[in-house]
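The block underneath contains the structure these notes are about, expressed in structure tokens.
Chain identifiers are assigned alphabetically (A, B, ...) following the order of the sequence lines, protein sequences preceding nucleic acid strands; residue numbering begins at 1 within each chain. Just the heavy atoms: all of them, side chains too, but no hydrogens, waters or symmetry mates, feed the values below.
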Amino acid sequence: MKAKELMHAAPVYPFSAIVGQERAKRAILLYFINPASGGVLLSGSPGAGKSLLLRGAAALLGTRRSISVPANVTADRLLGAWDAAAIVQGRTMTHQPGLLAEADGQLLLTDHLNLLPETIIKEIVRAFSMGVIHLHREGISAVRSSRFMLLAAMDAEEGGIPSPILDHFGYGIALDTAESLTSRVEIIRRQLQYERDPDAFVHRYRAQDEALRQRMEAAARTLPRIKVGASMLQLAASIAKEAGIASSRAELALIEGARAAAAWDERGEVTSSDIREIAECVLPHRMSAVADESRAADHSPAAPDSAEQPGHSPEDDTSRDSRSPDGSPDHAASGSGRMTTTSSPASDPSASRDEDEEGQRLSASEDRIILPDDGFRLQPLDYNLRRKMADGGLGKRGRAHANMNKGRVVGAVTPHRKVQADVAFDATIRAAAPFQTIREKRDGLAFAIEPGDLRQKKKESSVGASLLFVVDASGSMAARKRMAAVKGGILSLLQDAYVKRDRIGMIAFRKGEAEYVLPITRSVDAASKHLRDIPTGGKTPLTAGLVKAYQTLELEKRRNNDTLPMIILVTDGRANESPSGLTSYADVWKECLSAAEPIRASGIPCLVLDTEQGFVKLGRSKELAQALGAAYRKLENMDEEGVATAVRLTKR
Amino acid sequence: MEHIQQQYPFTAIVGQTRMKLALILNVINPRLGGVLIRGEKGTAKSTTVRALAGLVPNLNVVNLPVSATEDRVVGALDIEHAIKTGEKKFEPGLLAAADGHILYIDEINLLDDHIVDVLLDAAAMGVNTVEREGISYSHPSRFILVGTMNPEEGDLRPQLLDRFGLSVEIGGERDVQERAQVIRRRMDYERDPGAFVKQYALEQEQMLNQILQARNRLDQVRIPDDMLELAASIGIALEVEGHRSDITLIKTAATLAAWHGQETVNPAHMQEAAYLVLPHRMRRKPFEEAGGMEQKLQGVLNSAGSVQAR
């Protein structure tokens, strides 16, 4: 009586039985009608129905086989390699095509795109866009064509996808999460019916699926006759331009998608409403790319050490103590900052004159990604501090880059030195294969391997920093502002993380406890969700914050050896609450300093951002920074850029 | 066979009723999605899971250690076989061994991220597709996922958390009498396992029969429409994302009804199910009291219950 008996393989949940998610379904159908409109990427939280849509769509397409790329895929299986077994058996060099080659003329599915290693994602997307596979490995150098369709899904909270990769997808659909009671009930009902008797369930929807398929095929047949007027081309171009998208892939997807929509509705010509409808499916995921680029573009000119001063944000003006030492050369910097941001669509929702609602939607979706105050200005650099950072202290960053012993296996390499562990046997066999006819076999073995054949597993892990913010959320005067600055800073830094693979977490301490409010993440989505409301107020249990930070990073090291941890402590140093119940300020402070000891001993690099304000300064933060062996920096301008820039400088 | 006979009997485990119930429900209905057991060390988590396998014939516990490598988890090319015979052979990994059984991951929150990735991928479809290191292979991998974690040592990724159908929070036994009972039984068992096991043979058989009956009854359990509505409104009121929780809630309530020998799902089943299905899916706001969640849950159930009564 195995549990298995109850879990036999069931037929696929029918596409037309999926409740809601109309936009996703529409995008998939239009893509099937006109593959020239680009692939489909669905993004949604767990249980939103990503897998259901993908499998249902694949079954609907029918005429093509679907080939899945699992999260465990390695480069040899993706791109193709010599067939190790055939070599051993028949001593013939047979090339075993990879998944991308098998997918030629078929449909490629990736259920969890962002769980794949980045190198793998890049290979998939490159082959998809160009229709060819470039093979340069193990002595093979070949280019073969492979044209496949691509459906992918991801959970944005698991980490983002770099924008250049996103751009390769024609349609990017964020799945709906908020459904009405009736549709939720219907979803449950159908799922239960399906599980109780899958065959009967599938049968019930067969006619609907078939009708969809026929309409789809009919539309595909009429597609070549669908006309696109010059004014429509112009409209597409102007919408893409106003959305601030440089890539011409957006316009192509817009036009081809609109043609499919017209074909579906049995119209001979593309209308402006087609274009507007498709814009909602093909632009938003590219617009987050715009935010990325404008940030990168803005970042570079400010990177060299310069005397540039920041512009004043409205918050700065109201704060009495933002003592900008030198206000005059201000205007150049803030001017250039504004220029970039005004061209960014988020700052000017009214730019989309054609359809206000659409513009609103686009800017709303972007709000989550772009910074709350979208000025990408940079803080003045403390030159001395920066040099200090470069000299030492935080110099441990980067060490783990050489570490190949952990992480996900992505392929095999020829080892530089002696192979001690992680022999890639398949690659080794392939390497030894050509020599089998001339080598002498040892007793009982069908194959001869020599030391020179040995190949080592190539591993990829998320090497990058784990930045842990430890933030004072107690009820001091500046608490809210401090919190807002840190939140903005985190989101800003996570934008960089797209490129740098850094991950960020946050511990807040107040009112007797420290809480891990943002588990270390690479996802902008996750961060903005977790950081939405963090209460402030209460006393300052600084010690609790330090202890929690130490525990958290120790655990993080156990789980992810390659990570380069760093603590960023944002506080005015005025600890006044002790986890062990001490009451005198002197005792509380002493306890605080001793909590710093294990952090210092473990060699975790720290940065203390001092937010102390007012006339009477106790300078406690500086003392604590010394105890931590930390870099110390006074946070003059308490805003997001102040925070983000301080961290960027320190990380270098 | 011998060692199964000697396994510490499930029915001899003192207390921990929630954990035992959650495990039993998963045996009755393997599609519930497993159990996440949260609690400190030394709370008989492993013993209980192993004992469950001892209770149910042909149910194994496949252990996935935190240190497991990816190829051990998903499977790999059998190199020895390849070199000796020249034939390609897939060496199945833990995901193959766990098919139809319990996949047990102690301290699942310490699992490497990339292992979690492949696990999530396999769990999503119930199929393990291997495309790595010269191997292309696919096999069913439907398992009852049982994980344990000490919440003080860090959280689980939300995606993995969502995969667990049920979760239970366990603590050490507080009642002195019961604590003494735990020790007494343990000592008895260690002195003479054979005799100890024999002593519980009848209870074990009874429980197994109850499980089998519940399993037979499960398909006939009726789920009234207003219970579907209750499930959805609980999901909405508690702001639980996705539909997996709604569906798991209903399925758990139906399994509970079968376990209790009843033919129709009622609000009491829904309430009992909610305490197993929802706690790990609710996003706790920062600095919110842990008890706040329970209160909210209770509040929703009450108001939904009064709506039902009308």
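With respect to chain B, the highest number of heavy-atom pairs below 4.5 Å among A:Arg196, A:Gln551, A:Gln191, A:Glu195 belongs to A:Glu195. Annotation: maximal heavy-atom pairing with chain B below 4.5 Å, among A:Pro519, A:Gly98, A:Gly47, occurs at A:Gly47. For chain A, the option among B:Lys251, B:His243, B:Glu131 with the highest count of heavy-atom pairs below 4.5 Å is B:Glu131.
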Checklist entry - Taking it one step at a time, do B:Arg132 and A:Asp76 satisfy salt bridge (charged side-chain N to carboxylate O under 4.0 Å, His left out)? => result CA-CA 7 Å; B:Arg132 48 184 285 117; A:Asp76 64 286; over 6 Å; no
Checklist entry - How far apart are the C-alpha atoms of B:Glu70 and A:Asn72, what are their side-chain angles, what is the distance that settles it, and do they pass the side chain to side chain contact (heavy atoms under 4.5 Å, CB included) test? => result CA-CA 8 Å; B:Glu70 210 180 337; A:Asn72 61 46; 4.2 Å; yes
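Residue B:Asn60: no heavy atom, backbone or side chain, is found under 4.5 Å from chain A. Contacts of A:Leu181 with chain B are made by both backbone and side-chain atoms, with heavy-atom separations under 4.5 Å. Proximity to chain A (any heavy atom under 4.5 Å) is shown, for B:Val118, by both the backbone and the side chain. Both the backbone and the side chain of B:Leu120 come within contact range of chain A, with heavy atoms under 4.5 Å apart. Residue B:Asp71 touches chain A through its side chain alone, counting heavy-atom pairs closer than 4.5 Å.
The two residues B:Asp121 and A:Pro70 have their closest heavy-atom pair at OD2-CA, 3.2 Å.
Between A:Leu192 and B:Ile250, some side-chain heavy-atom pair lies under the 4.5 Å cut-off.
To the nearest 0.5 angstrom, A:Arg184 atom CZ is 10.0 Å from B:Ile247 atom CD1.
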